[in-house]
Amino acid sequence: MSNRRSRQSSSATRISDDQMIDLVSKLRQFLPEIRERRRSDKVSASTVLQETCNYIRKLHREVDNLSDRLSLLLDSVDEDSQEAAVIRNLLM
Amino acid sequence: MNHQHHFVPDFETDDDYVNANTNPSSSNLARKPIIGEQEEDGDLMELLWHNGQVVLHNQRPNAKKQPPPPPPSSSSAPPPALDHNLFIQEDEMSSWLHYPLRDDDDFCSDLFLPAERQTSNQVVTAARPPVPSTVRPPEASSMRPPAPLPSSVRPPVRNFMNFSRLRGDFTGRGGESGPSVSKSTVRESTQVSATPARESDLTRRTDGIGSRGTVDLASRSAVDGGGGAYTVGHNRKGKAVVTTEPRNENPAGASSSLASKSEIEPFNETTIVDERKRKEREAIDETEEEAKQGRGSTSTKRSRAAEVHNLSERKRRDRINERMKALQELIPRCNKSDKASMLDEAIEYMKSLQLQIQMMSMGCGMMPMMYTGMQQYMPHMAMGMGMGMEMGMNRPPPPPPPPPFMPFPNMLASQRPLPPQPRMGGYPAVQASDPSRVYGSNQQFVPNSNQAPYSGYMDPYQQFRSLHPSQPPQFQNQAASYPSSSRVSSTKESEDQGNQTTS
């Protein structure tokens, strides 16, 4: 069955085992939860994907948070100063 | 109208609508016209959305329809009553309404909570063209089986957004309304596990997107991915706004129904879609089993085990697909239909996000220190762009000839017009060393960022590397390009230009 599926993996809706392995290994570096899981070799793809989504959302939140802080800083700094330029760069 | 209102007690001789309260049958559902249009007998004139218009239709089968005469008799009354009720294709609606809505009792009564609209939708859904029998059983399990439905002929009903979401449109075929709504339905099913924000996205998209073809999983994934990425990832900051807006934007009727539906959806959407999937699988399984039974019992056992495995495998695949779609929606500008490339892009995006966060947090932490460090080093950085990092890392800060401040805003401005570089294109080979250096330097600096002024020197270098017009570093540019898409920085742009002109 897995053979059949890997044969079908060329379609967009199928993901091959190699792809999955690749994904899991790449995402492991980002996901501490998965890294620290005791049986790290048995992490399912759906779990990895779920963790990735959560992580990205977390990163988004953090970016938003930091942007807010940077905007506050920007307000507190002279408009033409170099710091302002740096902050704008960061906020871009 | 040829409704068989036989069972309807006749106390409502005064039609005249409005007083739904007077009707005993009004106890079922106190339907109020959503848009405040006429309520016929006050009984259950439900306002339905049909192709953007409002359709009045009597909900309850028992409800007596016509104003003047007692129900069973009038065939003449209904049509006129209908005529001014139905704003739309009267041919379909009226013909549908003419049919006895008999067993809508079971049909409607179960309907989920916010009874009114859903039940009306249910009724309308019932009117859809003969639904494949395979569809009905699974749906029946979650909802009361509209058993008599096939018996009553109903013309296709279009675009009843509300009900079709709940019901028939998972079948997806035949209904024009089905596609648009079922799409949202289907999408919601996939995102049941996702944040509530998803539902709003779906709502929004339902409005925005016209009817597609039939709903099928593959196309669903493609469309959802594309649409989702486009709308969701578009402005992360404004996501909260986006999510709430659709609910407010919708016309009152739709919004209330949608809101009410959204309560139901989490429970039912997955079940419905899952049932649909299961039905498909089961259909396939049944055929397989039948074939195997012909071969003998032993092979049947093995084949059954294989089927069980198939089922579990399919479920696993479905779960993975759901997650993939959710992930795809999180990634801005992800137009990849191929899973592998999408995952690669997800990884790149994550890296860039991490990098950006590092930079921003360092910038935040270092703000107080920038005053001291910046004036010396910035001009130098303006000069030695590409080498910024390396120079900062490997050499002591060179003596700062103070070039004017001009170059800096120029670079800031120049970065914007830069088209989003092919992040994964030719870059990796060219800058294979750089990213690693960037990462290495990041990791070095992060712990030190708050300690020494020297680290403050490093950080601006990191930033300005990204500004180098000729050689935008891959990751830095990624970090910059991603936020530029997500952040509405119009004010900053104006400031920047202001800065440019003034300085």
Side-chain angles (χ1 to χ4, degrees), chain A residues 1-2 4-5 9-16 18-20 22-24 26-27 29-31 44-74 76-77 79-92, chain B residues 193-195 217-218 221-222 236-237 306 309-310 313 316-317 319-321 323-324 326-327 330-331 337-340 343 346-347 349-350 353-354 356-357 359-361 363-364 367 370-371 374-375 378 405 408-409 412 415-416 460 463 466-467 480 483-484 487 489 492 495-496 498-499 502-503:
Chain A
M1 163 133 40
S2 58
R4 173 156 52 99
R5 291 211 183 272
S9 64
S10 55
S11 72
T13 55
R14 297 286 182 217
I15 189 166
S16 73
D18 296 336
Q19 287 179 341
M20 199 47 70
D22 176 48
L23 155 73
V24 168
K26 282 182 183 176
L27 289 178
Q29 51 178 315
F30 296 111
L31 304 174
S44 75
S46 67
T47 312
V48 169
L49 286 170
Q50 183 67 33
E51 293 301 324
T52 307
C53 289
N54 294 342
Y55 187 64
I56 288 183
R57 288 194 201 107
K58 189 183 119 195
L59 290 181
H60 283 177
R61 278 197 301 270
E62 206 164 322
V63 168
D64 292 342
N65 183 26
L66 283 174
S67 323
D68 292 339
R69 284 169 57 191
L70 279 177
S71 341
L72 288 178
L73 276 178
L74 183 63
S76 68
V77 157
E79 273 308 306
D80 293 342
S81 71
Q82 301 162 350
E83 293 82 350
V86 169
I87 295 177
R88 282 189 214 107
N89 168 46
L90 286 174
L91 283 170
M92 260 185 349
Chain B
S193 58
T195 64
L217 296 178
S221 63
R236 252 187 307 113
K237 196 105 201 228
H309 191 248
N310 277 350
E313 185 71 21
R316 176 180 158 265
R317 292 282 173 193
R319 218 170 33 237
I320 290 178
N321 288 341
R323 304 271 164 87
M324 292 283 296
L327 180 62
L330 279 174
I331 298 174
S337 58
D338 178 26
K339 284 190 177 181
L343 292 174
I347 291 165
Y349 179 57
M350 279 170 66
L353 271 184
Q354 282 179 337
Q356 182 188 6
I357 287 177
M359 285 181 3
M360 289 171 84
S361 58
C364 275
M367 273 312 292
M370 274 172 143
Y371 243 120
M374 287 299 293
Q375 282 128 4
M378 270 202 45
F405 181 62
F408 179 55
L412 270 185
Q415 186 179 10
R416 286 217 186 77
Q463 299 172 34
S466 69
L467 293 182
S484 64
R487 200 154 307 289
S489 55
K492 300 195 175 48
E495 284 173 7
D496 232 76
N499 193 12
T502 53
S503 56

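Every chain is numbered from 1, with letters handed out A, B, ... down the list of sequences.
The distance from the CD atom of A:Q50 to the CD1 atom of B:I320 is 12.0 Å, given to the nearest 0.5 Å. The structure places OG1 of A:T52 at 10.0 Å from CG of B:L330, a figure rounded to the nearest 0.5 Å. Residue A:S67 holds its OG atom at 3.5 Å from CE of B:M360, rounded to the nearest 0.5 Å. B:I331 CD1 to A:I56 CD1: the interatomic distance, rounded to the nearest 0.5 Å, is 5.0 Å. Taken to the nearest 0.5 Å, the CD atom of A:E51 stands 12.0 Å off from the CG atom of B:L327.
Nearest heavy-atom pair across B:L353 and A:H60 is CD1-CD2, 3.5 Å.
Within the 4.5 Å cutoff, no side-chain heavy atoms of B:Q356 are placed close to those of A:L59.
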